[in-house]
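Taking it in order: structure first as C-alpha cells, then the write-up.
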There are 2 protein chains.
Amino acid sequence: MKSEHIPKATIGRLAVYIQVLENLLRDGNDVISSEKLAQACSVNSSQIRKDLAYFGEFGVRGVGYYVQELITSIKQSLGIDRVWKCALIGVGNMGSALLRHHDFERRGFKICAAFDCDPDKIGLEFEGMEIVCPTHLREQAPELNLEIGIIATPPDRAQRAANHLVDANIRGIINFAPSRINVPKHIPVEYVDFFDHLYAIAFQITLGND
Amino acid sequence: MKSEHIPKATIGRLAVYIQVLENLLRDGNDVISSEKLAQACSVNSSQIRKDLAYFGEFGVRGVGYYVQELITSIKQSLGIDRVWKCALIGVGNMGSALLRHHDFERRGFKICAAFDCDPDKIGLEFEGMEIVCPTHLREQAPELNLEIGIIATPPDRAQRAANHLVDANIRGIINFAPSRINVPKHIPVEYVDFFDHLYAIAFQITLGND
DNA sequence: GCAGTCATGTGAATTTTTTAACAAGACAGA
DNA sequence: TCTGTCTTGTTAAAAAATTCACATGACTGC
Ligand SMILES: NC(=O)c1ccc[n+]([C@@H]2O[C@H](COP(=O)([O-])OP(=O)(O)OC[C@H]3O[C@@H](n4cnc5c(N)ncnc54)[C@H](O)[C@@H]3O)[C@@H](O)[C@H]2O)c1
Ligand SMILES: NC(=O)c1ccc[n+]([C@@H]2O[C@H](COP(=O)([O-])OP(=O)(O)OC[C@H]3O[C@@H](n4cnc5c(N)ncnc54)[C@H](O)[C@@H]3O)[C@@H](O)[C@H]2O)c1
C-alpha cells in the first residue's frame with residue numbers, strides 16, 4: 001500500500017508493537033499472528049494490519065509475521081535502524097536519570113553531550129561526559145553531529161534552551177519541561193509530561209465512580 | 001452540553017490547556033479567548049470550545065474565559081481538584097527522580113509510600129519516606145489510603161509489581177517500565193514510555209528528508 | 001497434487017474526531 | 001437605551017481513523 005500520510009496515532013502504536021515484539025522474541029516466539037499481537041497490545045487486529053500496510057507488506061498469508069523480521073521492518077519504517085545522536089540540556093534530577101539510563105543507547109538514541117548553565121556543574125564529569133555551558137552547543141553540535149535536543153531544564157528556561165538548540169541547527173526536540181516552546185516549524189517538537197497520564201488515570205477512576 | 005463519552009484525546013489536550021493556562025496566569029493574564037489559547041497550544045479554537053463543552057459552560061460570550069476560573073473548572077472536570085495518594089514501586093534511577101520531583105505534590109499527586117524488593121534498599125530513608133518490601137503493600141494501602149500505583153521496576157518485574165498493586169486494591173496504575181501488564185479491566189493502566197516520543201521525532205525528521 | 005485451514009492485505013462501511021459556520025449572548029461607548 | 005463589536009456554545013459539514021468483511025495467497029496433511 002505504501003501511503004503518503006501516516007496518522008500520528010499509528011506511530012505511537014508502532015512503538016508499542018516493537019515493545020511487545022521484543023518481549024515476545026525474548027520469550028522464544030518466532031512467528032505471531034496479527035490477532036495474537038493485537039491481544040497483547042490491546043488493540044484490534046485490523047488496526048495492526050492497517051498500521052503495517054502504511055509501510056509495506058511484512059507478513060505471510062496463512063502464517064503471520066516473523067517476529068525478528070517484523071521488528072526490523074518497523075524500525076526501518078520509523079527511521080530508528082540507526083543511532084541518533086542527542087544533546088541533553090539541563091543535568092538536574094531528571095537529566096541525570098536520563099544520562100544513567102542505558103536503554104537510550106540500546107534503543108538507538110545516544111546522548112553524546114550534556115549541557116547545563118549552573119557554574120557548579122560545568123566541568124563536572126558525568127557518565128563519562130563533561131558537563132559544559134549551553135553556549136558551546138553551537139560549536140559542538142556540528143562537530144559531534146548532534147541531531148536531537150532533549151530539554152530537561154525548569155519550565156521557564158525551556159525556551160532559552162530551545163533557542164540554543166535551534167541556533168545549533170538541531171533537527172528535532174524533546175521537551176520534558178512543562179511549558180510550550182516556539183521554534184521554526186520545520187523542527188518537530190515532542191512534549192513529554194507524565195501528568196497527562198496521571199490526569200488520565202484520575203479521570204478514569206473518577207468516572208467509574210460517579 | 002455535558003456529554004457522556006469523552007474522547008481520550010480530549011483529556012490529553014485538557015492537560016495541555018492547564019499547563020498553558022497556569023503559565024498565562026503567572027504572567028498576569030486574567031482573561032483569555034479560545035483563539036489566543038488555541039494559538040498557545042497549537043490547536044484549533046473550535047477544538048478548545050468543543051473540549052470544554054463536554055464538561056460544561058465555562059466562558060463568557062464576547063469576553064472569553066477567566067483564566068483562574070477555567071483552571072479550576074478543568075481540574076474539577078478531570079477530578080484533580082484534590083490530592084491523590086500514590087504508591088511507588090521500584091526505587092531505582094527513575095523511582096528516585098520521581099520521589100525527588102516535588103511537582104507531583106504540587107499538582108495533586110502525593111507519593112505516600114515507596115516499595116522496593118532489594119534488601120539493600122529496604123529500611124533506607126528517602127525523601128522522608130522509608131523504603132519497604134512490596135509484600136507490605138497489602139496492609140499499607142488501606143491504612144494510607146493509596147489509590148494510584150506507580151511502577152518503576154525493570155520491565156520483567158512490572159507484572160509482579162502490578163499483581164501486588166491489584167492485591168492491595170489499588171484503583172489505577174501508571175507503568176514506567178517498557179512492558180505491558182495484565183490487570184482486571186476495571187483498573188485503568190497508563191503506560192509512560194519516552195521512546196514513543198523519540199520515535200516520533202526520528203520519524204518526522206526522516207520524513208522531511210527523503 | 002488436492003482439500004482444508006489459516007491469516008494476511010485491502011476496499012468498503014462505520015464510527016469518531018476535527019473543523020467550519022453561525023446564532024445568541026455580553027459588553028462598551030455613545 | 002441602542003448599536004456595533006467580540007467571542008462563546010452548538011449545530012452541521014468535513015475529514016480522519018477504526019473496524020468489518022472477504023478475496024487472495026500460503027502452508028499442512030493426506
Ligand atoms: N524529576 C522528575 O521526575 C521530573 C518529572 C517530570 C518532569 N520534570 C521536568 O523536567 C525538568 C527538569 O526537572 P528536574 O527535576 O531535573 O529539575 P532540576 O532543577 O533538578 O534540574 C534543572 C537543571 O537545569 C539546569 N538549567 C537551568 N536553566 C538552564 C539553562 N538555561 N540551560 C541549561 N541548563 C539549565 C539547572 O542548572 C539544573 O541543573 C523540569 O522542567 C521538570 O518539571 C521532571
Ligand atoms: N531511568 C530512566 O530515565 C528511565 C527512562 C524511561 C524508562 N525507564 C524505565 O523505568 C524502569 C526503572 O528504571 P530504572 O532506571 O530506575 O532502573 P533501576 O534498575 O535503577 O531500578 C529498578 C528498581 O526496581 C527494584 N525492583 C526490581 N524488582 C522489583 C520488584 N519486584 N518489586 C519492587 N521493586 C523491584 C530494583 O531493586 C531497583 O531498585 C525501567 O523499566 C526502565 O526501563 C527508566
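Letters A, B, ... mirror the listed sequences (proteins, then strands); counts begin at 1. Worth saying up front: this structure is predicted, and the values here are computed from it rather than measured.
In this structure, NZ of Lys36(B) is placed 7 Å from P of dT7(D), rounded to the nearest angstrom. Whole-Å rounding puts the Phe58(A) CZ to dG9(C) P distance at 9 Å. The distance between atom CD of Glu35(B) and atom P of dT8(D), rounded to the nearest whole Å, is 9 Å. Counting to the nearest Å, the C1' atom of dT7(D) and the CD atom of Glu57(B) are 13 Å from each other.
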Polar atoms only, N or O, under 3.5 Å: list the protein pairs with nucleotides 17-20 of chain C and their distances.
unit_1, atom_1, unit_2, atom_2, d
dT18(C), OP1, Arg13(B), NH1, 2.9
dT18(C), OP2, Arg13(B), NH2, 2.9
dT18(C), OP2, Gln47(B), NE2, 3.4
dT18(C), O5', Gln47(B), OE1, 3.3
dT19(C), OP2, Gln47(B), OE1, 3.4
dA20(C), OP2, Asn44(B), ND2, 3.3
dA20(C), N7, Ser46(B), OG, 3.0

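In this model, no donor atom of one side chain and acceptor atom of the other lie less than 3.5 Å apart for Glu190(A) and Asn175(A). Asn23(A) and Ser179(B) form no side-chain donor-acceptor contact under 3.5 Å, judged by distance and modelled atom types alone. There is no side-chain donor-acceptor pair under 3.5 Å between Asp196(A) and Tyr191(A).
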List, one per line, each side-chain donor-acceptor pair under 3.5 Å for residues 136-145 of chain A, sequence neighbours excluded.
none

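Side-chain contact check for Phe104(A) versus Cys86(A): every heavy-atom pair is 4.5 Å or farther apart.
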- Task: Output, in order, the C-alpha distance, side-chain angles, deciding distance and verdict of side-chain contact (heavy atoms from CB on, under 4.5 Å) for Val91(A) and Phe115(A).
- Result: CA-CA 7 Å; Val91(A) 190; Phe115(A) 301 87; over 6 Å; no
- Query: How far apart are the C-alpha atoms of Val31(B) and Val63(B), what are their side-chain angles, what is the distance that settles it, and do they pass the side-chain contact (heavy atoms from CB on, under 4.5 Å) test?
  - Reply: CA-CA 8 Å; Val31(B) 183; Val63(B) 178; 3.9 Å; yes
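Classified by interplanar angle (parallel below 30°, tilted 30° to 60°, perpendicular above 60°), the ring pair Tyr199(A)/Phe195(A) is tilted.
Contacts with DNA chain D (heavy atom under 4.0 Å) in residues 60-72 of chain B: Val60(B), Arg61(B), Gly62(B), Val63(B), Gly64(B), Tyr65(B), listed by number.
Within 4.0 Å of Ser45(A), counting heavy atoms only, lies no atom of the nucleic acid at all.
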